[in-house]
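Accompanying notes for the structure given below.
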Amino acid sequence: MQHPLLAELNDKQCEAVAAHERHMLVLAGAGSGKTRVLVHRIAYLMQEQQVSPYSILAVTFTNKAAAEMRGRIESLIGSSTRAMWIGTFHGLAHRLLRAHYMDVGLPQNFQILDSDDQQRLVKRTIRSLNLDEKRWPPKQAQWFINAKKDEGLRPHHLDGYDFNERTLKEIYDAYQVACDRAGLVDFAELLLRAHELLRDNAIVREHYQRRFRHILVDEFQDTNSIQYAWIKLFSGVGESQGATGFVTIVGDDDQSIYGWRGAKVENIQQFMRDYPDVLTIRLEQNYRSTSTILRAANNVIGNNQGRLGKELWTDGSAGEPIDVYAAFNEMDEARYIAGRIEQWREHGNALTDVALLYRSNAQSRVLEEAMLHARIPYRIYGGLRFFDRQEVKDALAYLRLIAGRNDDAALERVINTPTRGIGDRTVGIIREAARDRGITLWDAARQLVTEKTLTGRAANAVGAFLALIDTLEDETGDFALGRQVDVVIKRSGLMAMYEAEKGEKAETRVENLKELVNACDHFAEPEEADENMTPLNSFLAHAALESGDEQADEHQDAVQLMTLHSAKGLEFPLVFMTGVEEGLFPSQQSMDEAGRLEEERRLCYVGMTRAMQKLVITYAEQRRIYGTDMLHRVSRFIGEMPSDALHHVRMKVPAYSSPSAPAMGRFHSGASHEAFEQTGFQLGQRVRHSKFGEGTVLNYEGTGPQSRIQINFDDAGSKWLVVAYARLDRC
DNA sequence: CAGTTAAATATTTTT
DNA sequence: TATTTAACTG
C-alpha cells in the first residue's frame with residue numbers, strides 16, 4: 001500500500017520523499033517540483049517514519065521561501081509546525097545567538113546592522129583612521145569585510161603582505177571593534193558568530209546535534225563557505241563521535257547565479273565528498289514549460305563545462321516556437337513588447353501572467369515608459385523595501401536607542417534628525433572623545449556634558465537629546481508597541497519634520513511613518529521568542545531580518561518587471577527576455593573574468609525556464625546606455641539555441657503607434673548624423689527598395705559610395721546593401 | 001545650517 | 001542620461 005503522500009508524485013520524487021535515514025542530494029531542475037519534494041518529505045518523515053517535528057531543521061535563503069515552506073507543510077499535515085526550525089540561514093543564526101548571547105560575548109539587546117547601516121559605519125571607521133576615502137572607498141572595504149566573514153576569517157587570520165590588504169585588514173579590525181563596543185552585528189557576523197559558537201562550544205554543539213536528526217537545505221548551490229561549514233557542524237559529520245543528523249540538500253548547479261557574491265557551486269560536489277553514502281536523485285521531469293522552450297534551454301546550458309549533468313524533459317506539447325525580435329533600438333524594443341502585451345490582453349489573458357526580464361535595472365525605465373504609454377499596468381520588483389526607507393529607518397533608530405543606548409549607528413543617525421543644533425562639529429567632538437576613551441558615543445556625549453567640556457549651546461542641545469531618549473524610555477516603556485512607536489515618532493519631532501516638508505515625497509514619508517505604527521499594532525511576536533526578549537527587541541529584529549514584504553497593491557492585474565536574478569524561482573505563462581545583446585547579456589564585465597561567462601549562461605537558462613507557454617526574446621541593435629549610444633551584436637546565447645526552435649519576427653511598426661512616437665526622435669543625434677554624412681541616409685529612416693519594399697535603416701559601415709547600410713525590410717527581413725548599387729528611395 | 005552646484009559614477013541581491 | 005554625494009556659499 002502506497003502512502004497517500006506519495007500518490008501524486010513521479011518515481012524520482014517518490015524516491016526522494018521516502019528515502020530512509022541517509023544523506024541525500026536532490027538535483028532538482030527548473031520546474032521539477034523541488035519545493036513540493038521538500039515539503040512532502042518533511043510531512044512524510046513525520047507521518048511515516050515517526051520523526052518528531054522537534055528534530056527537523058529546514059533552511060532556506062529568503063524569508064519568502066521559508067514562509068512558503070512552512071505554510072505548505074502546515075496545510076499538508078494539518079497541524080502547527082511550531083516545534084520545527086524553519087527559516088533562513090540568517091534568521092536561524094539570529095535565533096542561536098539570542099539563545100546563547102552570553103556564550104558568544106554579545107549583550108542581551110544586541111542589534112542587527114543592515115547593509116546600509118554597515119556602510120555608514122565602515123565609512124566612519126575609515127575616516128576615524130584618517131584614511132583617504134577616495135583611495136579606500138567604503139563600498140569596497142565593506143565588500144572586503146563581508147567576503148572575509150563569509151570565508152570564516154577574522155582580522156587576525158589575515159596575513160596581508162601587500163599594502164592594500166594590510167590597510168583593509170586594519171579597517172576590518174577597527175570596524176569590528178566599533179561593532180562590538182556598540183553591540184552591533186552585521187549580516188555576515190550573524191553567520192560567522194553562530195558558526196564559531198557551534199565550533200567552539202561542545203556543549204551547545206552536541207545539544208543541537210542530538211536534537212536535529214533531519215536537516216534539509218534548499219537552494220544549496222547558493223551556499224557560501226560559512227553556510228556550508230554551518231550545516232556540517234549541525235550534522236556532526238566528520239566528527240569522531242556524537243549523533244549524526246541526516247542532511248538532504250536540494251539544488252541545481254545550472255541555476256547557480258550568485259557566484260559573484262560568494263556562493264560556491266562546488267559545495268555540491270564537496271557535499272558528496274564530505275558526507276558518507278550520499279544518495280543522489282535527479283529530478284529532470286519538468287512540469288512548467290513547453291518542450292520547445294526546454295529544448296532550447298537545454299541546448300544553451302549544454303555549452304557549460306563541468307556540469308553535474310541533467311537534462312530537462314516534459315511529456316507536454318511542443319508549443320509555439322520562441323520568438324526573436326531584433327529591434328533597432330531600445331525604444332523600439334519596448335514598443336514591440338507593449339504591442340505584444342496588448343495582443344495578449346485582447347485575447348483575454350491576465351497581465352499578471354506576463355513577465356519582462358532584463359539583465360540590469362537600468363533597462364527597466366524604457367520598458368516602464370512604453371507600458372505607461374500603452375496604458376498597461378505594471379509592477380516593478382526590487383524597489384526600496386518598507387523597512388529600508390529613510391523615514392522608517394529614522395524611527396527605528398530612535399527605537400533602537402531606547403532599547404539600548406550603546407547603539408552607535410542608531411545614535412549617529414538621529415542625533416541631529418530632526419535638526420536640533422548638534423552640528424558636524426559637535427558630533428565630531430563626541431566621536432573623538434568616544435574613540436580616545438574607548439567608549440560608546442552615548443557615554444561620550446554624557447561625559448562631555450557632565451564634564452562641561454562642551455560649550456553652552458552645544459551642551460544644551462546634546463543634553464536635551466540625551467534627556468529626550470531617557471524620557472521616551474521612561475514614559476513609553478510600558479506602552480503597547482504601536483502606541484510606543486506613535487509617541488516616539490511624535491515626541492522626537494520626526495513626524496513634525498516630515499510634515500513640514502512639502503511635495504509628494506514628504507507626504508508618502510508621513511504615510512509610511514503612520515504605516516509603521518500600524519505595522520507595530522499588528523506585529524505578532526514570533527512563537528519561538530524567548531522570555532528575555534522584549535516585544536520591542538523582537539520587532540527590531542523582525543525589521544532588520546525581513547526588510548518588509550512586497551508592496552500592497554499586489555492584487556492588481558499588472559505586468560511584472562524584474563531582473564533575471566529576481567525571477568529565479570518564479571514562473572509565468574508569457575515571458576519576455578529583453579536586451580539579449582553581447583555586452584549587456586552576457587554583460588561586458590562578465591566576459592573579461594574567467595568563469596563568469598558560464599554564470600551568465602546559467603542566468604540565461606534561468607530566464608528561459610521561467611516561461612511556461614511562450615518565450616519572446618528581444619534585442620536592440622542600438623541602445624543608449626548612460627547617455628552614449630552603443631551598437632551591440634546579438635547575444636551569443638541566441639546562437640546557442642536550436643534554430644528550428646526560433647522564429648525571427650520581422651520588424652513591423654505596430655499600427656497603434658503614431659509616427660511621432662518618441663523613438664523616431666531618437667535618431668537625430670550623434671551616430672545618426674555621422675551615418676548621414678557617410679551614406680546619405682539616417683539611422684531609423686524609412687526607405688523603399690524596388691524589390692524588397694519598404695524598410696527602416698538600422699546600421700551602416702564604411703564611408704562614401706562604397707558604404708553599406710543595413711535595412712530591416714518590413715516584409716523581407718534585414719539586409720545589408722551597398723548604397724551605390726541599391727537604388728533606394730526615401731519614403 | 002540650509003540650499004545650491006559641481007562632480008563622480010552607474011551589473012546582478014538577500015539577509 | 002540620471003542620480004547620488006561631496007564641496008561650497010549665503
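So you know, we letter chains A, B, ... as the sequences are listed, proteins then strands, and number each from 1.
Aromatic rings from A:His565 and A:Tyr258 are positioned such that their centres are separated by under 6.0 Å. The ring of A:Phe585 has its center closer than 6.0 angstrom to the ring center of A:Phe637.
Within the nucleic acid shown, A:Asp222 has no heavy atom closer than 4.0 Å to any nucleic acid atom. Across all strands shown, A:Ile422 has heavy atoms under 4.0 Å from sugar-phosphate atoms exclusively, and none from any base.
Between the C1' atom of B:dT13 and the CG atom of A:Asn63 lies a distance of 13 Å, rounded to the nearest Å. Distance CD (A:Glu133) to P (B:dA7): 19 Å, rounded to an integer number of Å. In this structure, the CD1 atom of A:Ile380 is 12 Å from the P atom of B:dT13, given to the nearest Å. The CZ atom of A:Phe585 sits 13 Å away from the P atom of B:dT12 (whole-angstrom rounding). Across the protein-nucleic acid pair, A:Tyr381 atom OH and B:dT12 atom C1' stand 17 Å apart, rounded to whole Å. Remark: P of B:dT15 and CD of A:Gln142 are 16 Å apart, rounded to the nearest angstrom. The nearest whole Å value for the distance from the CD atom in A:Gln119 to the P atom in C:dT4 is 14 Å. Between A:Asp424 atom CG and C:dC8 atom P the separation is 14 Å, expressed in whole Å.
Residue A:Asn416 is the one, among A:Asn416 and A:Leu564, whose nearest nucleotide of DNA chain B lies closer to the 5' end (criterion: closest heavy atom). Heavy-atom distances to DNA chain B give each of A:Gly91 and A:His565 a nearest nucleotide, and the one nearer the 5′ end belongs to A:His565.
The side chain of A:Thr419 lies closest to B:dA2, out of B:dA2, B:dT11, B:dT13. The A:Leu545 side chain lies nearest to B:dT15 when the options are B:dT15, B:dT12, B:dT13. The A:Tyr258 side chain lies nearest to B:dT13 when the options are B:dT11, B:dT13, C:dT1. Candidate nucleotides B:dT12, B:dT11, B:dT14 were compared by shortest atom distance to the side chain of A:Glu600, and B:dT11 ranks first. Here the side chain of A:Thr62 is nearest to one of C:dA7, B:dT14, C:dT1, namely B:dT14.
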Show your reasoning for whether side-chain contact (heavy atoms from CB on, under 4.5 Å) applies to A:Glu546 and A:Phe387.
CA-CA 8 Å; A:Glu546 316 184 22; A:Phe387 289 116; over 6 Å; no

The test is ring pair (Phe, Tyr, Trp, His ring centres under 6.0 Å); show your working for A:Phe89 and A:Phe61 and say whether it passes.
CA-CA 6 Å; A:Phe89 278 101; A:Phe61 273 85; 5.2 Å; yes

Could you go step by step and tell me if A:Ser635 and A:Glu581 meet the side-chain hydrogen bond (donor to acceptor under 3.5 Å, both in side chains) rule?
CA-CA 4 Å; A:Ser635 171; A:Glu581 299 142 34; over 6 Å; no

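Secondary-structure annotation of DNA chain B gives the stems B:1-10 with C:1-10, with a stem taken as at least 3 successive Watson-Crick or G-U pairs whose two distances both fall under 3.5 Å.
For B:dT12, the OP1/OP2 oxygens have no side-chain nitrogen or oxygen of A:Arg596 closer than 4.0 Å. Within the 4.0 Å cut-off from OP1 or OP2 of B:dT12, at least one side-chain nitrogen or oxygen of A:Asn361 is found. Regarding contacts with the backbone of B:dT13, every side-chain N or O of A:Ser115 stays at 4.0 angstrom or more from both OP1 and OP2. The phosphate of C:dT4 (OP1 or OP2) has no side-chain N or O of A:Lys139 nearer than 4.0 angstrom. Distances shorter than 4.0 Å separate some side-chain N or O of A:Arg365 from OP1 or OP2 on C:dT3. Remark: A:Ser566 is not in phosphate contact with B:dT12, judged by side-chain N or O atoms under 4.0 Å from OP1 or OP2.
In this structure, A:Thr223 contributes its side chain and A:Phe220 its backbone to a donor-acceptor pair below 3.5 Å.
Stacking between A:Tyr626 and the base of C:dA2 is absent under the criterion of ring centres within 5.5 Å and planes under 30 degrees.
Using modelled atom types, one finds a donor on one side chain and an acceptor on the other under 3.5 Å when comparing A:Glu391 with A:Asn512.
Ring geometry for A:Tyr208 against A:Trp85 counts as tilted: the plane angle lies between 30° and 60°, on a 0 to 90° scale. The aromatic rings of A:Phe539 and A:His542 sit tilted, their planes meeting at an angle between 30° and 60°.
Applying the 3.5 Å distance criterion, the base of B:dT13 shares a donor-acceptor pair with the side chain of A:Arg261.
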